[in-house]
Amino acid sequence: MPNIKSAKKRVLVNKSKAMQNKAARSALKTDIKKFEAAVAEGNRSEADSAYKVAVKAVDKAVGHGLLHRNNAARKKSALTLKLNKLA
């Protein structure tokens, strides 16, 4: 445990930031899973709306520093390919 006041604060701030990141990462995975479930179901209209939500979530994750931009591009490409196979 740190002794210096600023170090104590950093521990608390890091803990809260880690919880925020975990929640955001979990929400991102949920959005992607909802899209994949709609694709597996074969429902094109539901898949379209879920695709938009998932891509927006991936872009936000890049903006918040949760994903690297290349990783996000790879995820979006995979989502797009799955959506196009449905057609």
Side-chain angles (χ1 to χ4, degrees):
M1 190 67 196
N3 295 321
I4 297 170
K5 186 176 181 181
S6 62
K8 290 178 184 177
K9 181 181 178 183
R10 290 274 25 115
V11 168
L12 296 175
V13 170
N14 287 339
K15 185 186 286 187
S16 65
K17 291 285 187 182
M19 288 172 29
Q20 287 175 356
N21 287 339
K22 188 172 186 178
R25 218 174 281 119
S26 175
L28 173 66
K29 287 179 184 179
T30 302
D31 289 337
I32 292 172
K33 284 180 185 176
K34 284 181 183 176
F35 167 75
E36 289 175 351
V39 169
E41 201 175 276
N43 190 346
R44 176 67 188 204
S45 60
E46 191 176 315
D48 279 335
S49 60
Y51 171 79
K52 289 178 185 174
V53 171
V55 168
K56 188 172 183 178
V58 169
D59 286 335
K60 278 189 175 183
V62 172
H64 290 235
L66 295 174
L67 291 177
H68 190 275
R69 58 189 168 86
N70 291 352
N71 186 307
R74 189 174 59 82
K75 285 186 189 301
K76 290 193 300 187
S77 177
L79 294 174
T80 305
L81 287 173
K82 287 178 184 177
L83 183 68
N84 288 341
K85 279 188 181 176
L86 206 75

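Only heavy atoms go into these numbers, but all of them, side chains included; no hydrogens, no water, no symmetry mates. Counting begins at 1 with the first residue of the sequence. A quick note: this is a predicted structure, and the numbers were derived from the prediction, not measured.
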A.B. asks: Could I get the full list of side chain to side chain contact (heavy atoms under 4.5 Å, CB included) partners for Ala7, not counting sequence neighbours?
C.D. replies: Pro2, Ile4
A.B. asks: Please list all pairs passing the ring-ring contact (aromatic ring centres under 6.0 Å, His included) test where one or both residues lie in residues 52-87, with sequence neighbours left out.
C.D. replies: none
A.B. asks: Output every pair passing side-chain hydrogen bond (donor to acceptor under 3.5 Å, both in side chains) with a member in residues 3-16, not counting sequence neighbours, ordered by first then second residue.
C.D. replies: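 Qualifying pairs, neighbours excluded: none.
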A.B. asks: For residues 20-59, which residue pairs qualify under ring-ring contact (aromatic ring centres under 6.0 Å, His included), counting only residues two or more places apart or in two chains?
C.D. replies: Phe35-Tyr51
A.B. asks: Please list all pairs passing the side-chain hydrogen bond (donor to acceptor under 3.5 Å, both in side chains) test where one or both residues lie in residues 70-79, with sequence neighbours left out.
C.D. replies: Asp59-Lys76
A.B. asks: Please say yes or no: joined through hydrophobic side-chain contacts below 4.5 Å, possibly via intermediate residues, are Leu66 and Ile32 part of one cluster?
C.D. replies: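 Different clusters: Leu66 never reaches Ile32 through Ile, Leu, Val, Met, Phe, Trp or Tyr contacts under 4.5 Å.
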A.B. asks: Kindly compute the distance separating CG (Leu28) from CG (Leu67), expressed to the nearest 0.5 Å.
C.D. replies: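 Result: 5.5 Å between the selected atoms.
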A.B. asks: Could you list all the salt bridge (charged side-chain N to carboxylate O under 4.0 Å, His left out) pairs where at least one residue sits in residues 42-56, not counting sequence neighbours?
C.D. replies: Arg44-Asp48
A.B. asks: Would you mind listing every side-chain hydrogen bond (donor to acceptor under 3.5 Å, both in side chains) that reaches into residues 19-41, with sequence neighbours excluded?
C.D. replies: Glu36-Lys82
A.B. asks: Per the salt bridge (charged side-chain N to carboxylate O under 4.0 Å, His left out) rule, what does the pair list look like for residues 62-72, sequence neighbours excluded?
C.D. replies: none
A.B. asks: Cluster partners of Met1, using ILVMFWY side-chain heavy atoms under 4.5 angstrom, listed by chain and number?
C.D. replies: none
